[in-house]
Amino acid sequence: MLWAASMLSVLLLAPHNGAIAAPTWPASTDELEDLLYINTGYRARGFASPVIPCSKGDAADRNSAAEWIRTAFHDMASANAIQGTGGIDGSLLYELDSSEHAGAAFRNTLTRYAPYFSSRTSLADLIAAGVYSATRSCGGPVIPVRGGRKDASESGPSGQVPDAANAINIFRNQFTRMGFSGTDNTEMIQLVICGHTLGGVHAAEQPLIIDSGKFPNNYAHFDTTVASFDNRNAVEFYSGNTTNPMVFGKAYKADNRGRDSDRRVYGSDNNVTVAAMADPQAFNTMCQTVFQKMIETVPKAVTLTDVITPYDVKPYDTQLTLVNGGATLAFTGEIRVRTSSRSVSKVQLIFKDRTGAVSSNPIDTTLKGTSSGFDDGFSFYGFSASLSAETSISSFNVVVTTSGGSTTFTNNDQGYTINDSVIFQNPQSCADGSGSLTVVAAVRGSTTPSVQIVARVPNEEGAPVPLLSTTTVAMASPTTAGSYTLFSADLSGSSANAAEFGIFAGSASDNYKSISNLATACKPFPSNGPSPSSTPAASSTPVSSSISASSSSPMSSVSSTRTPSSSSSPSSTPVSSSAPSSTPIPLDYQGCFTDPTGTRAIAPGELKDDEMTIEKCAAFCNPYKFFGLEYGRECYCGNVQRASSVSASASECNMPCKGDKSQICGAGKRLSLYKTVGWSPPVNPAVDGYDYFGCYSDDGSTRTLSGGTTQSSDMTVEKCAATCKGAAFFGLEFGKECHCGSNINEASTPQQEGDCSLLCPGNIKTLCGASQRINIYKNKNPPPTSTPALPAPTGKPSLSGYTYTGCIADTLNPRPLSARMTSSPNTTYTSCATFCSGYPYFGLEYANECYCAWVLPTAYETRPDAECKAPCAGASTQTCGAANRMTVFRNNAAIPVPGNPAIGGYGYKGCYTDNAYSRVLTTTVAASDAMTVERCAGACKGRHYFGTQYGRECYCGDGFVGDTKIVDQGECSMKCGGNGGEFCGAWARLSLYESMDHVDSTASGEVPMDESF
């Protein structure tokens, strides 16, 4: 192994044995727990995405999982167990230019970690978490992770890194210094073998070990399973058939003076350890132990937490908001339940008021989404309740109901505590995107609060992870609202770069709030009544503070029209746009945009090259609508720009392209964005005998379609259809995969169409899903079910508590019931009613499909009951629609239906179509899980139109750019993330509002629409 250096000191903790106590919420490691255990689905942050699947890398000669593990060793390697210095402390960040860390692996890895670095998660903890994610993704053991590591502020000592040419006694001394000893240095052998189960050696970085040109991509693997965490490295060495370049590299010499370090290390105890590691179970156990010891080698002043395990129940975003003139508290949030070993039917909160009395009215929840990690699944349940400000809330327990009964989770008998003495007032707070920030808080008591803002500021030149700068500002003069006092602070400067902020008053706080979740305009504090002209919450005398950070002089952005230029440095002069073939490529420059934390602005295409130019990126991304350049050497492609990627100042894109210093290639987290001229969008093509069914999730462990799988490097939709030979469903995933099935797994859920964005390799004008996303097609004439046909119904379908509405035709696009859908081989009336609990309507189709809806379309086709004749998959005595026929029921209970609220100065126009590839309204507001119609209206103030979409997105415009038309209101069926009582469109559907200031008073109240309507 080619290792490297670190700094500070060492505490070696023994591997965790025995039972692990359940965590108590909140904990200092809550952020880290999210990154470790949620990989995909709802609220997934994407930390492990670069190592999923295990074969993934930044280039053909890169394996990210191997790089993550070796990054941890390089950060730890200068540890001195005797002196208590060195260890996992993030000092590698300041050592990237050292020859001991040759190659791109370490900078690439730290760049991947940078978006997750915050006041709650140190870089050192992220490095440790990376070992867990990389090992587990590749099929290796679970590496226990503790938190609490502290980051160094400078580089560690140099010259202490094991070198491949060292004699074996030097290796022994170095690993003993780090704290890895054991009899005959067995821990040294184990750590090197475990570290070399993935990846290999690059000729460019280690020319003394392998020759350039002798291996594919100049990359020699350690073993024959380069992307699998297994014992092949040990087995192949012990059996004598290894091709490991560090056993038999070009510099191998019999006198041990060559760079065959693995040969000398592995055999240093006469092959005793390597022979033991030929057993797969022993290999996993040993690797688990030494990897845990490696990441727990930390400065002696650091005390690590208990091992981080996933919560069974974990609250998210629990928030009190003072409303109604101070008489009422709105209580909102979400509850995450681990579903790995339980099937949840209901989740409720039982709370205590401020005096400790238990409320007799539980708070109900609704399912918001599901997610999964390497070993666990989770469901999220949202809640919203109105509480008296006088009695308030002090804590709650969570009751989870399953088929086996109810379990009450008490947070280790402490309850899930809620602080009501300091309350962040989100509606009255705002950030306008230019750096101005207004924060309002409600305080119960006499303490004057302060706002603490943590901003991300650039690190020293070239360091890929920023620094954190904390500023504290006292809040302004108070005003009274019931038993609370309202305070405010207005801040200006660089607060737009803030990572988070919080309000503190004495020992109480309401912390970890994100500026990105704030509206661009503040709402006045509502009085006790419906009047819109309430007294503002904040004092009229604001507190100002300048929050700024120095930065280098900005360089000009690239012109959208390019002509040749001989300039050798960035300037306002247009530069050359010639492609490698010398044929000019027309460029349509869109501007400088942010690249959001946790996910790329555009995906899935990706290229990194130290010779990057605009033309090289344009040629690579030719099949896609957008391409963008970032960090001087990175190129990204995609057909959809994420709503969370917003326009930035042109000066923020200021890094020269590595391959042409006269061009600009974005900056850190800043994307120079272009549109491909002449691009036409890929499609889900028509297939004879099938209807396109939608983009669905597929977590890989339980396939969405389980009837058979094939792969092809030239996959097309037509090839997959032919392969599945008339199956009820077929689907395409990850570009080259084809799956068949008789039903859709009930764990799979519909996703936004933009998630299925990979192009089919056999026809790049068509779509073939994405990673864990599958484009599904449904057979128009499905194979006959094996269940005997039912006799003609003698009566109408019935279910207690519901009214049978009738048999209706399913027009597929759009569906008559479109709010939610599942498919299961156990479908019955009761199972579908349970799945659609909280919706006024549910419908059953094709024997095993279940659909939910808030409203039925105003015009739907009723069919004779006899056409809905398919026996339900889970109950042959019930009928569940048929092909393109749906058996529909209405809930007899009075279920409140979300609406389209009145917005001052605007009128609601209806539900309109949109196109993810060509937006109708071209101004994009940052997406937010707290989106409301009012929030979108505030962000789009003064614009002719605004519309909400997909529950969390907001768009504005003064006219329509693309084609659009009004459709049935039922197609805008998603609730707003920030207010479950409002509709916020759906996928490719806008809940559209129009300014009344533009309405012709002589007309009938309607504005003449564009010709595109």
Side-chain angles (χ1 to χ4, degrees), residues 11 13 15-16 20-52 65 68-69 71-72 75-76 87-90 92-93 109-110 112-137 142-152 288 291-292 294-299 302-317 334 336 338 371-376 378 380 411 454 456 465-466 468 499-500 502 511-512 514 597-599:
L11 174 66
L13 301 180
H16 187 88
I20 299 176
T24 300
W25 178 88
S28 61
T29 55
D30 282 349
E31 176 84 350
L32 198 56
E33 190 258 8
D34 261 13
L35 302 182
L36 287 169
Y37 296 116
I38 299 180
N39 295 335
T40 60
Y42 186 74
R43 278 189 177 268
R45 305 280 295 283
F47 175 75
S49 296
V51 294
I52 300 174
W68 285 24
I69 291 171
T71 294
D75 192 45
M76 182 280 301
I88 300 287
D89 61 2
L92 179 64
L93 178 66
T109 300
L110 297 186
R112 293 291 193 183
Y113 293 162
Y116 306 97
F117 169 68
S118 71
S119 63
R120 288 180 283 176
T121 312
S122 66
L123 175 60
D125 275 348
L126 293 171
I127 291 171
V131 174
Y132 163 85
S133 295
T135 302
R136 199 73 194 95
S137 175
V142 173
I143 309 300
V145 178
R146 305 175 192 268
R149 294 166 188 79
K150 306 299 181 184
D151 289 337
Q288 182 186 56
F291 274 12
Q292 184 179 7
M294 176 176 70
I295 64 175
E296 291 182 0
T297 300
V298 297
V302 170
T303 300
L304 296 181
T305 68
D306 291 337
V307 171
I308 303 169
T309 58
Y311 287 92
D312 280 320
V313 167
K314 180 181 180 181
Y316 281 74
D317 297 339
E334 293 181 6
R336 191 194 78 189
R338 188 156 67 113
S371 61
S372 62
F374 293 116
D375 301 288
D376 292 287
F378 305 91
F380 289 81
N411 197 29
V454 180
R456 298 166 67 93
V465 180
L468 299 180
E500 58 194 16
N511 201 8
Y512 306 126
S514 173
T597 298
T599 184

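Atom set for the values below is all heavy atoms of this structure, side chains included, hydrogens, waters and symmetry mates excluded. Values in this document were obtained by computation on a predicted structure and should not be read as measured data.
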Which atoms form the tightest heavy-atom contact between [X] and [Y], and what is the distance?
{"X": "F374", "Y": "A48", "answer": "CZ-CB, 4.1 Å"}
{"X": "A72", "Y": "V131", "answer": "CB-CG2, 3.3 Å"}
{"X": "I88", "Y": "V298", "answer": "O-CG1, 4.1 Å"}
{"X": "I308", "Y": "G147", "answer": "CD1-N, 3.9 Å"}
{"X": "G130", "Y": "Y113", "answer": "CA-OH, 3.3 Å"}
{"X": "P310", "Y": "F378", "answer": "CB-CZ, 4.1 Å"}

Gap separating the [atom1] atom of [X] from the [atom2] atom of [Y], nearest 0.5 angstrom:
{"X": "E33", "Y": "I38", "atom1": "CD", "atom2": "CD1", "answer": "6.5 Å"}
{"X": "L36", "Y": "E31", "atom1": "CG", "atom2": "CD", "answer": "10.5 Å"}
{"X": "S372", "Y": "Y37", "atom1": "OG", "atom2": "OH", "answer": "14.5 Å"}
{"X": "R136", "Y": "I52", "atom1": "CZ", "atom2": "CD1", "answer": "11.0 Å"}
{"X": "R112", "Y": "T71", "atom1": "CZ", "atom2": "OG1", "answer": "12.0 Å"}
{"X": "L304", "Y": "D125", "atom1": "CG", "atom2": "CG", "answer": "8.0 Å"}

For E334, side chain to side chain contact (heavy atoms under 4.5 Å, CB included) partners two or more places apart
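Testing E334 for side chain to side chain contact (heavy atoms under 4.5 Å, CB included), a comparison that skips the adjacent residues, returns Y42, R43, Y316, K368, F380.
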With D30 via side-chain hydrogen bond (donor to acceptor under 3.5 Å, both in side chains) - residues at least two apart
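For D30, the residues satisfying side-chain hydrogen bond (donor to acceptor under 3.5 Å, both in side chains) (neighbours in sequence not counted) are Y311.
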Sequence neighbours excluded, which residues qualify as side-chain hydrogen bond (donor to acceptor under 3.5 Å, both in side chains) partners of T29?
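Checked T29 against side-chain hydrogen bond (donor to acceptor under 3.5 Å, both in side chains); zero matches.
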Stepwise side-chain contact (heavy atoms from CB on, under 4.5 Å) check, V313 with R336
CA-CA 6 Å; V313 167; R336 191 194 78 189; over 6 Å; no
Test: R120 and D34 ion pair at under 4.0 Å
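Looking at D34 together with R120, the answer is no, because their closest N to O distance does not fall below 4.0 Å.
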List the steps, then state whether ring pair (Phe, Tyr, Trp, His ring centres under 6.0 Å) holds for F47 with W68.
CA-CA 12 Å; F47 175 75; W68 285 24; 5.4 Å; yes
Check the pair R338 / K314 against side-chain contact (heavy atoms from CB on, under 4.5 Å), numbers first and verdict last.
CA-CA 9 Å; R338 188 156 67 113; K314 180 181 180 181; over 6 Å; no
Could you tell me if the side chain of [Y] sits less than 4.5 Å from the side chain of [X], heavy atoms only?
{"X": "N411", "Y": "W25", "answer": "yes"}
{"X": "E296", "Y": "M76", "answer": "no"}
{"X": "Q288", "Y": "P144", "answer": "yes"}
{"X": "L126", "Y": "L35", "answer": "yes"}

Flag, side chain of D151 to backbone of L123, donor-acceptor distance under 3.5 Å:
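Yes: the side chain of D151 pairs with the backbone of L123.
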Under 3.5 Å, side chain of R149 to main-chain N/O of G87, donor-acceptor pair present?
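Answer holds: no.
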